[in-house]
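Only one structure is covered here, and it is reproduced in the block below.
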Amino acid sequence: MLRTSPVMLPWTTLRLAGRFAVPLALWFTVGQVLRYLFFLAGYHFGLHNSVIPIIVLSLTVMVSLGVTAAMVHSVRDGLPAVQAREVDERLTSWAADEEEGILDAITRALLPFMIFYLAWGWFADDAKEFVQSAAGRGTAQGGVYGSIAGMKILIALQDHVWVAIICTAVFFALKFVAERVIEPRWSGLGGICVAFCEVNWTLFGIFTVDQARQGVTGWITGRVAWVDLGRLLGPVFGTFNTLWPLFKDAVLGSLVWLVIAGVILGVTAEEEAALGQGWIGRKVVSASGIDRPHTPREVLTRELRDKWLPAVYGFRMVFRAGMLPFGVFCALFTGLEALVPVTERGVYYLLGPHELGWWQPRLTMVEFPVELVHQVLRVCLLAAAFDLVVGRVSARTAEFGSARSASPRTARSLVPPAGPYSPPSPGRPS
């Protein structure tokens with residue numbers, strides 16, 4: 001069927017972008033305005049308090065997640081396979097009802113979306129943009145010294161590691177209270193509180209752990225044995241360090257984003273479902289402590305599970321739908337990301353060379369429309385790809401079920417009907 005062919009993926013993406021351009025552009029603009037206000041507040045208050053920038057960064061991350069969830073949910077009416085909701089229940093089940101509103105979808109998808117976002121380190125892009133914004137404002141207000149102060153705004157906690165440790169413990173305790181007290185009573189408010197505490201304790205924890213990691217790394221790399229090992233395995237590590245980021249971004253990153261789109265559109269991504277019910281799945285569940293929440297084993301293995309199990313969950317659906325559609329999606333997704341800097345550079349070439357003072361107020365005028373088109377096309381591509389996967393899985397499941405139900409009748413039709421019994425005639429072997 002043409003609708004479930006990967007050839008239609010680019011056309012479906014453009015069709016969704018044209019049909020839902022207004023709500024997509026509206027949500028993107030709301031997100032950019034909120035990010036601007038948070039960045040502005042983070043710069044002015046963060047120069048005097050090293051905790052404020054992390055809080056602002058966590059709010060920025062939540063805005064990014066909420067806006068992305070709202071944009072994906074906005075195109076749901078244009079996805080026929082998702083609307084049919086006929087995906088194989090053994091692969092996943094629908095966690096949302098058909099009449100779910102956009103705020104309900106954001107609340108339901110915020111926590112799993114945020115876990116994926118943090119586990120894969122995508123918050124680093126928000127942190128980089130925050131630092132660049134602070135450095136730009138510092139340059140405008142204080143010249144070189146203001147720019148240096150803005151660039152140091154996120155690393156000021158390195159001089160007060162004890163503050164990061166205390167904040168990590170406080171937000172971890174608040175997350176525990178939100179999970180046990182607030183979320184069971186008020187699911188919507190509880191989900192937002194859990195997500196906010198999860199983001200903050202993770203970010204403060206990253207600063208805390210990073211200090212210890214730098215010390216341990218410095219000690220290990222200073223040993224003579226490390227130098228000898230580098231000489232022996234240097235080419236192997238060099239090849240791996242070159243190929244792994246490409247594979248991670250192009251294949252694994254695309255796969256996890258596809259899972260994220262599915263979570264926003266209403267499917268569940270439970271860890272037990274991702275592992276399956278086979279012997280290996282049961283062993284992994286037992287070893288990681290998934291069946292015993294909040295135990296030390298479950299807490300220690302949570303980071304690895306948050307990072308890799310969504311990829312397992314997505315791979316099961318992609319494998320059932322076929323690897324060719326996923327390959328087309330990876331090529332389009334990676335190509336779209338690569339086109340963003342090329343497009344910006346092309347616009348700069350068209351505008352021609354100018355002085356720095358001329359460029360400064362106009363950079364945003366170039367970046368905003370390019371990023372708007374990028375985000376709209378990316379969201380539509382994610383939604384179209386997930387709808388394609390669901391449609392192909394549903395079609396294959398229906399074909400498999402029809403074949404199984406038809407096979408007994410086919411077998412019976414190949415056996416000739418039995419006639420009335422007649423005894424063998426004399427002189428002829430029976």
Please determine whether side-chain contact (heavy atoms from CB on, under 4.5 Å) holds for the pair F386 and I260, giving the CA-CA distance in whole Å, both sets of side-chain angles, and the decisive distance to 0.1 Å. CA-CA 10 Å; F386 183 77; I260 289 174; over 6 Å; no

Tell me which pairs pass salt bridge (charged side-chain N to carboxylate O under 4.0 Å, His left out) where either residue lies in residues 28-44, with sequence neighbours left out.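 For residues 28-44: R35-D126, R35-E129.
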
Could you note down all residue pairs passing salt bridge (charged side-chain N to carboxylate O under 4.0 Å, His left out) where residues 9-25 supplies at least one of them, sequence neighbours left out?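 Pairs touching residues 9-25 that pass the test: none.
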
Going by heavy atoms in the side chains, are [X] and [Y] under 4.5 Å from each other?
X: P10; Y: L332; answer: yes
X: V347; Y: L351; answer: yes
X: W257; Y: T68; answer: yes
X: F326; Y: L255; answer: yes

For [X] and [Y], work out which heavy atoms get closest and say how close.
X: A250; Y: C330; value: O-SG, 3.6 Å
X: A384; Y: T12; value: CB-CG2, 3.7 Å
X: F329; Y: A385; value: CD1-CB, 3.4 Å
X: A81; Y: V390; value: O-CG1, 3.8 Å
X: I264; Y: A69; value: CG2-O, 3.4 Å
X: P6; Y: L388; value: CA-CD2, 4.0 Å

For L363, side chain to side chain contact (heavy atoms under 4.5 Å, CB included) partners two or more places apart: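 Y348, W359, E367.
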
Restricting to side chain to side chain contact (heavy atoms under 4.5 Å, CB included), what partner residues turn up for L79, sequence neighbours left out?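 If we apply the side chain to side chain contact (heavy atoms under 4.5 Å, CB included) test to L79, skipping adjacent residues, the hits are L16, V82, L265, A383, D387.
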
Return the [atom1] to [atom2] distance between [X] and [Y], rounded to the nearest 0.5 Å.
X: K175; Y: I182; atom1: NZ; atom2: CD1; result: 12.5 Å
X: F20; Y: S74; atom1: CZ; atom2: OG; result: 8.5 Å
X: Q32; Y: T364; atom1: CD; atom2: OG1; result: 10.0 Å
X: S64; Y: F38; atom1: OG; atom2: CZ; result: 10.0 Å

More than 12 heavy atoms from other groups under 6.0 Å of CH2 on W27: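 Incorrect, the count does not exceed 12.
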
Which pairs would a plain distance check flag for residues 368-382, meaning a side-chain donor or acceptor within less than 3.5 Å of a matching protein atom at least two apart in sequence or in another chain?
| residue | atom | partner | partner atom | Å |
| --- | --- | --- | --- | --- |
| E371 | OE2 | H374 | ND1 | 3.3 |
| E371 | OE2 | Q375 | NE2 | 2.8 |
| H374 | NE2 | E337 | OE1 | 3.4 |
| H374 | NE2 | E337 | OE2 | 3.0 |
| Q375 | OE1 | R378 | NH2 | 3.3 |

Under the ring-ring contact (aromatic ring centres under 6.0 Å, His included) test, which residues partner F39, sequence neighbours left out?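 Counting only residues at least two positions away or on another chain, F39 forms a ring-ring contact (aromatic ring centres under 6.0 Å, His included) with F130.
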
